[in-house]
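Please read the structure below before turning to the comments.
Note that the structure is predicted; figures quoted are calculated from it, not measured.
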Amino acid sequence: MTLDANNLKIAIQKNGRLTEGSLDLLKNIGLEFEPPKTQLFSSVRNFPLEILFLRDDDIPEYVQDGVSDLGIVGMNIVAEKGSNVEILEELGFGNCRLSLAVPEKSGFQDLRDLDSRKIATSYPTILRKFLKENNMKATIIEISGSVEIAPALNIADAIFDLVSSGSTLKTHGLFEIEKVLSSQALIIKGPVPFENGRNELLQKLLMRIRALLRAKQTKYIMMNAPASALEYIKQIVPGLKSPTVLPLSEPGMIAIHSVVPETIFWEVIEKLKACGATDILVSPIEKLILS
């Protein structure tokens, strides 16, 4: 099997924190492919796209150099590598943060306690920049993995590492003292403009991804309500342009269909009930495509 030079190429993490989310994203936008068992790429059967499976640390450079047209990688890696790439979309999974953490028994209380201390990390570039911005100095101990055990081994006084739930820190007797960077999965592209129809392929791919992301952020709602409450309900749930309104067989009653952003969903439901809406049905949206 060989790569088709005419196809777009997207690099994703072969094994790690973002692998499952990246594969789910590509499959949920209708792409048909098989993750390779031994090879480092897979061809999509129903879209002109090749998927490269790489170490996450390598993805920004591959995209910057044009080896891969696109990449799915965490903000933490993009910031650490400093590659010349463009962020096209935040993908909403792989959420975590880069934080400074210290032993619970260290007596450290705030950021300034770490001045002139030893800090272990796999992200020296981001840490160095943060220390400079805060007029601090520290000895940076670079460790490629298992950073959380550094204080217990007396290698460092603190660590600077990825935190998700915080359970790993707790297991090792550590607690966060300062959040430095929020991270999530991104789709990135290189600095060179696409040519020969490749930009059109990119826009088709992005349309699918954005439709999926919008759908996850909204709910489809249907309700019955008094016709007299329509103008007020339209202010609460205007929909994409305006809600769908249908007459019911019962005089003075209408059915209203609309969409509601996930972030304000329960607040909207309470307002709808207060103005007489009943029989409210809520459904997930699979895809949401805007013109």
Does a salt bridge link R55 with D58, judged by any charged N lying under 4.0 Å from a carboxylate O? yes

Between F41 and F53, the two heavy atoms sitting closest are CA-CD1, 4.0 Å

Intermediate values then yes/no, side chain to side chain contact (heavy atoms under 4.5 Å, CB included), L49 and L31: CA-CA 9 Å; L49 181 71; L31 302 183; 3.6 Å; yes

From CA spacing to verdict: side chain to side chain contact (heavy atoms under 4.5 Å, CB included), E89, L213: CA-CA 10 Å; E89 199 72 40; L213 296 178; 3.6 Å; yes

For K273, is there an ion pair with E270 - N to carboxylate O distance below 4.0 angstrom? no

Nearest atoms (heavy-atom pairs only) where M75 meets I87: SD-CD1, 4.0 Å

Checking side chain to side chain contact (heavy atoms under 4.5 Å, CB included) for the pair Q184/F93: CA distance, chi angles, key distance, verdict? CA-CA 6 Å; Q184 65 174 295; F93 66 89; over 6 Å; no

May I ask you to decide if E262's main-chain N or O and Q217's side chain share a donor-acceptor pair within less than 3.5 Å? no

Around atom NZ of K129, are there more than 12 heavy atoms from other residues, nucleotides or ligands closer than 6.0 Å? no

Is a donor from one side chain sitting under 3.5 angstrom from an acceptor on the other, for T168 and E148? no

Using a 4.5 Å cut-off on heavy atoms from C-beta on, say whether the side chain of P243 contacts that of K234. yes

Using modelled atom types and a 3.5 Å cut-off, is there a donor and acceptor pairing between side-chain atoms of D113 and backbone atoms of D110? yes

Scanning both residues in full, the closest heavy-atom pair of A255 with N224 reads CB-OD1, 3.9 Å

Any chance you could measure E178, atom CD, to R112, atom CZ, to the nearest 0.5 Å? 9.5 Å

Only one of L174, T121, I119 forms a side chain to side chain contact (heavy atoms under 4.5 Å, CB included) with I159, so which one is it? L174

For residues I233 and C275, report the shortest heavy-atom separation together with the two atoms involved. CG1-SG, 3.5 Å

Whether K271 engages the ring of Y232 as a cation-pi pair (distance to the six-membered ring centre under 6.0 angstrom, angle to the ring normal within 45°) should be assessed. no

Does L18 belong to the same Ile/Leu/Val/Met/Phe/Trp/Tyr cluster as Y62, with side-chain heavy atoms less than 4.5 Å apart forming each link? no

Specify the closest pair of heavy atoms between I72 and S22, including all atoms of both residues, with the distance to one decimal. CG2-OG, 3.3 Å

Are side-chain heavy atoms of L40 and L52 found at a separation under 4.5 Å? no

Interatomic distance, I188 atom CD1 to S83 atom OG [nearest 0.5 angstrom]: 7.5 Å

Are there more than 12 heavy atoms of other residues, nucleotides or ligands under 6.0 Å from atom CD of E20? no

E176 atom CD, over 12 foreign heavy atoms within 6.0 Å: yes

So how far is it from I256 CD1 to L248 CG, rounded to the nearest 0.5 Å? 9.5 Å

So T19 and K14, side chain to side chain contact (heavy atoms under 4.5 Å, CB included) or not? Walk me through it. CA-CA 6 Å; T19 303; K14 180 175 175 59; 5.8 Å; no

Mark yes when over 12 heavy atoms from residues, nucleotides or ligands other than F108 sit less than 6.0 Å from its CZ; otherwise mark no. yes

Looking at F194, I'd like to know if the NZ or CZ of K189 sits under 6.0 Å from its six-membered ring centre while staying within 45 degrees of the ring's axis. yes

Nearest-0.5 Å distance, OG of residue S183 to OH of residue Y123: 7.5 Å

Between K170 and E104 (salt bridge meaning N to carboxylate O under 4.0 Å), is one present in this structure? no

What is the minimum heavy-atom distance between V85 and Q64, and which atoms define it? CG1-N, 4.0 Å

For N7 and E50, does a side-chain donor sit closer than 3.5 Å to a side-chain acceptor? yes

Using side-chain heavy atoms (C-beta onward) and a distance below 4.5 Å, is F265 in contact with T263? no

E286 atom CD, over 12 foreign heavy atoms within 6.0 Å: no

To the nearest 0.5 angstrom, please state how far the CD atom of E80 sits from the CG atom of D56. 11.5 Å

With a 6.0 Å cut-off (strictly less than), is the heavy-atom count around CD of E200, excluding the residue itself, greater than 12? no

Checking the side chain of R117 only, and the main-chain atoms of A158 only, is there a donor and an acceptor separated by less than 3.5 Å? no

Are L25 and L8 in one and the same hydrophobic cluster, where Ile, Leu, Val, Met, Phe, Trp and Tyr link if side-chain heavy atoms are under 4.5 Å apart? yes

L98 side chain reached by F160 side chain, heavy atoms, under 4.5 Å: yes

Quick check: is I10 connected to F33 through a chain of hydrophobic side chains (ILVMFWY, heavy atoms under 4.5 Å apart)? yes

Can you check whether L111 reaches M136 side chain to side chain, under 4.5 Å on heavy atoms? yes

Tell me whether D279 contacts the main-chain N or O of M223 through its side chain, where contact means a donor paired with an acceptor under 3.5 Å. no

Does L162 belong to the same Ile/Leu/Val/Met/Phe/Trp/Tyr cluster as I149, with side-chain heavy atoms less than 4.5 Å apart forming each link? no

Is the shortest heavy-atom distance from the side chain of L100 to the side chain of F130 under 4.5 Å? yes

Under the criterion salt bridge (charged side-chain N to carboxylate O under 4.0 Å, His left out), I'd like the reasoning laid out for D69 against R198: C-alpha separation, chi angles, the key distance, then a yes or no. CA-CA 9 Å; D69 301 300; R198 297 171 72 78; 2.5 Å; yes

Is any side-chain heavy atom of P60 closer than 4.5 Å to one of V63? no

L288 side chain reached by T218 side chain, heavy atoms, under 4.5 Å: yes

Less than 4.0 angstrom from a charged side-chain N to a carboxylate O is my criterion; do K81 and E61 meet it? no

Rounded to the nearest 0.5 Å, what separates atom CG in L230 from atom CD in Q235? 10.0 Å

Would a single hydrophobic cluster contain both V102 and V163, if residues Ile, Leu, Val, Met, Phe, Trp and Tyr are joined by side-chain heavy-atom contacts under 4.5 Å? no

Checking the side chain of R97 only, and the main-chain atoms of V180 only, is there a donor and an acceptor separated by less than 3.5 Å? no

